[in-house]
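First up is the structure itself, then whatever we jot down about it.
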Amino acid sequence: MVRLVVEEGGKRRAFQLGAGILTVGSGSAAKLKLASIDVAEVHLELVIEDDRLEVRPRPGVMPPTLDGVPVTTATEVPPGRALELGGARLWIEVEGAAPPSRAPPPAPAARPAPGRQTLRSKSDQAQEQAIRRERAIEKAGKTGSRSKVQRSRPRIDRGIPGWMLGGGIALVAVIGFFLLKAGVDKSAEGGAGTVRGSIEAAEVQLGVGNFDRAEEKLAGLVPAKLSAGERARVDAIRSEIESRRSTALLAVEHNIGTKWMEVYLKGYERKYLEGAPAKAKVRLFLKRLTEFQRRWPDHPEMEWVHRQRRRFGSSVDLSMPPDYEDLYWEVSRMVAIMPRRYSEAFATIDAYLALEGADRADEARALREQYVAERAEYHIDRLQQARHEVEQKKNYNKSIWWLVNSVAWLGDEAMENEAAQILVDLDKTPQVNLVDHLLGYQDKLPELYAKVLRNPIVGEFARKHDLL
């Protein structure tokens, strides 16, 4: 496991991370969220393998820096060195080692050659003159001599008569008023300055990946009042927003797929498929490979899936119906994990019993009855656990987790509705904003989110809060 440290706003967070891809940004699509305003919604990806950290910046965003050097391509971040992104720093923590120091500031600019003009404020010039006077006085004091100050009679410069000066100022003010009015009127009629500023502001926001803000800048523009060039720029910005949003959403989907692969494919392969595995175990693995290909057809690790198909594909024919051993192994996996997926287990048993000539059908029916009895006990136990999380631990997140999964996977209408009602009632608790919780499931576990919203009680809550 890798310990990733994030330092931002004077606070430090640390995370234990397994191998995989972690999206970093300021939006809801990012797994690791940063608060800096100059961080895009999905700014970069961190690839974690063992104790190795690699950064992959997203195209079109302000590149992060490593030791002060911009990182524009996939680059390894060695332990002891920090990646800087906006106002945040990220690094792999090495046990016993001090946190990495910040990159040194840029070297000061070279002093301009004699005779070259530099732009300085009046206050800077006055300060330099005062310093030179003090040094001269100090030098004179050390040498024992005093400089003689000759005071001459001040020269009186009478300048322009007051009446003329006052009249000139008034004339300039009148002219300035009419020029300003003319400029305002022209801007109101043509709106050129406002349009140009809105388009340029949208391009800036797009550059840092703030898509919502970029769209806000374009919202007030009327296409009919734009020139051909302005319409082209607006269309290009909107097209780029759509393209990059699609890319960000795809990255989120792939991240979900990576986690699914680690648990249901790679973890399963390591645990059950060494040596000469039983046919039932291989069959379930091949079914999961098929499911992964269906849900994430463009996943970057698809070559691993193909290799596993070549390895095991010849030993099991998925076009043939399962036998009882296949059924038993598959449904036992569905109820062996927590939360248990009883609805899937019952659907799989029922599909088996519907097969013509299913072998050991009586055993399959007995297995179903066994799970029905276990489900009733499991349901009561999960409700008690959800209540315990709220009343004893004040862990509302965990309580919601158990209730959401009961609604999704129990496979019994009365039990699901009971859990759903308790879930919705939690929104009345001051510490709980159920809408935010559900939106979190939508981002991170869309399959579970969709199943929960199919429940009539949760669905009604969702409609009242504009989630549907």
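Judged purely by atom type and a 3.5 angstrom limit, Ser343 has no side-chain atom pairing as donor or acceptor with the backbone of Gly411. The main-chain N or O of Arg213 is never found under 3.5 Å from a side-chain atom of Asn210 such that the two would form a donor-acceptor pair. Between the side chain of His299 and the backbone N or O of Glu301, at least one donor-acceptor pair lies under 3.5 Å. Side chain of Thr290 to backbone of Leu286: a donor-acceptor contact under 3.5 angstrom is found. Remark: side-chain polar atoms of Arg375 are paired, donor with acceptor, to backbone N or O of Leu410 under 3.5 angstrom. In terms of modelled atom types and a separation under 3.5 Å, the side chain of Thr348 and the main chain of Glu344 share a donor-acceptor contact. With Asn405 contributing its side chain and Trp401 its backbone, the two residues share a donor-acceptor pair below 3.5 Å. One N or O on the side chain of Thr23 and one on the backbone of Lys31 form a donor-acceptor pair closer than 3.5 Å. Of the possible polar contacts, one joining the Ser26 side chain to the Ala40 backbone as a donor-acceptor pair under 3.5 Å is found. In terms of modelled atom types and a separation under 3.5 Å, the side chain of Asp67 and the main chain of Val69 share no donor-acceptor contact.
Side-chain contact between Arg58 and Thr247 is present, with at least one heavy-atom pair separated by less than 4.5 Å. Between Ser406 and Pro339, every side-chain heavy-atom pair lies at or beyond the 4.5 Å cut-off. For the pair Val305 and Met261, the minimum side-chain heavy-atom distance is below 4.5 Å. Between Ser332 and Leu367 the shortest side-chain heavy-atom distance does not fall below 4.5 Å. Residues Arg233 and Leu226 form no side-chain contact, since every pair of their non-hydrogen atoms from C-beta on lies 4.5 Å or further apart. Counting heavy atoms from C-beta outward, His43 and Val24 have side chains that stay 4.5 Å or more apart. Side-chain contact check for Gln293 versus Arg309: some heavy-atom pair is nearer than 4.5 Å. Looking at Leu46 and Leu44, their side chains come closer than 4.5 Å, going by heavy atoms from C-beta outward.
Taking each heavy atom of Asp326 and Ala280 in turn, the nearest pair found is OD1-CA, 3.3 Å. Ala376 and Met415 make their closest contact through CA-CE, 3.8 Å (heavy atoms, listed as atom of the first residue, atom of the second, distance). Closest approach of Ile237 to Ala202, counting heavy atoms only: CD1-CB, 4.1 Å. Taking both residues in full, the closest heavy atoms of Arg365 and Asp362 are given as NH1-OD1, 2.9 Å, listed atom of the first, atom of the second, then distance. Residue Val71 comes nearest to Pro63 through the heavy atom pair O-CB, 3.2 Å, listed as atom of the first residue, atom of the second, then distance. Across all non-hydrogen atoms, the minimal contact from Thr73 to Pro57 is O-CD, 3.6 Å.
If you take CG on Leu206 and CZ on Phe211, they are separated by 6.5 Å, rounding to the nearest 0.5 Å. In this structure, CZ on Arg3 lies 10.0 Å from CZ on Phe15, to the nearest 0.5 angstrom. Here CG of Leu403 is found 12.5 Å from CD of Glu416. Values are rounded to the nearest 0.5 Å. To the nearest 0.5 Å, atom CH2 of residue Trp91 and atom CD of residue Glu84 are 10.0 Å apart. Taken to the nearest 0.5 Å, the CG atom of Leu289 stands 9.0 Å off from the CG atom of Leu318. Between atom CG of residue Leu4 and atom CD1 of residue Ile48 there is a gap of 6.5 Å, rounded to the nearest 0.5 Å.
Heavy atoms from other residues, nucleotides or ligands lying under 6.0 Å from CE of Met320 number 12 at most. The environment of CD in Gln431 is crowded: more than 12 heavy-atom neighbours from other residues, nucleotides or ligands sit within 6.0 Å. For OH of Tyr324, the number of neighbouring non-hydrogen atoms (other residues, nucleotides, ligands) closer than 6.0 Å is greater than 12. Heavy-atom contacts from other residues, nucleotides or ligands closer than 6.0 Å to NZ of Lys464 number 12 or fewer.
Taking a cutoff of 4.0 Å between a charged side-chain nitrogen and a carboxylate oxygen, Lys259 and Glu262 do not qualify as a salt bridge. Using a 4.0 Å cut-off between charged nitrogen and carboxylate oxygen, Glu242 and Arg245 do not count as a salt-bridge pair. Classification of Asp235 and Arg238 as a salt-bridged pair fails, no side-chain N sitting under 4.0 Å from a carboxylate O. In summary, Lys217 and Glu200 do not engage in a salt bridge, as defined by a charged side-chain N under 4.0 Å from a carboxylate O. Between Arg310 and Glu303 a salt bridge is recorded (basic side-chain N to carboxylate O distance below 4.0 Å).
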Side-chain donor-acceptor pairs of residues 441-459 under 3.5 Å, sequence neighbours excluded:
{"residue": "Asn455", "atom": "OD1", "partner": "Ile457", "partner atom": "N", "Å": "2.9"}
{"residue": "Asn455", "atom": "OD1", "partner": "Val458", "partner atom": "N", "Å": "3.2"}
{"residue": "Asn455", "atom": "ND2", "partner": "Asn417", "partner atom": "OD1", "Å": "3.0"}

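Taking the ring centroids of Tyr342 and Tyr378, they lie under the 6.0 Å cut-off. For Phe292 and Trp304, the gap between ring centers reaches or exceeds 6.0 Å.
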Test log, rule salt bridge (charged side-chain N to carboxylate O under 4.0 Å, His left out), inputs Glu291 and Arg294: CA-CA 5 Å; Glu291 175 69 6; Arg294 182 187 67 81; 2.8 Å; yes
Arg56 vs Glu54, side-chain contact (heavy atoms from CB on, under 4.5 Å): CA-CA, chis, key distance, verdict: CA-CA 7 Å; Arg56 295 177 182 174; Glu54 180 183 272; 3.0 Å; yes
Step-by-step side-chain contact (heavy atoms from CB on, under 4.5 Å) determination, Leu32 to Arg13: CA-CA 11 Å; Leu32 174 59; Arg13 297 176 286 166; 4.3 Å; yes
Test log, rule side-chain contact (heavy atoms from CB on, under 4.5 Å), inputs Asp412 and Phe346: CA-CA 10 Å; Asp412 178 88; Phe346 292 130; over 6 Å; no
Stepwise side-chain contact (heavy atoms from CB on, under 4.5 Å) test for Glu253 and Asp298: CA-CA 10 Å; Glu253 281 296 314; Asp298 300 318; over 6 Å; no
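Side-chain N/O atoms of Asp359 and Tyr352 include a donor and acceptor closer than 3.5 Å. Under 3.5 Å, the side chains of Asp381 and Gln385 contain no donor-acceptor pair of N or O atoms.
Geometrically, Arg288 engages Tyr268 in a cation-pi contact defined by less than 6.0 Å to the ring centre and at most 45° from the axis.
Under the side chain to side chain contact (heavy atoms under 4.5 Å, CB included) test applied with Val435, the options Leu438, Leu439, Val432 reduce to a single match, Leu439.
Screening residues 328-338 for salt bridge (Lys or Arg N to Asp or Glu O under 4.0 Å), with sequence neighbours left out, gives Lys287-Glu330.
In this pair, Phe285 and Phe312 present their aromatic rings perpendicular. The plane angle is above 60°, beyond the 30 to 60° band.
The side chain to side chain donor-acceptor pair (under 3.5 Å) search around Lys33 returns none, not counting sequence neighbours.
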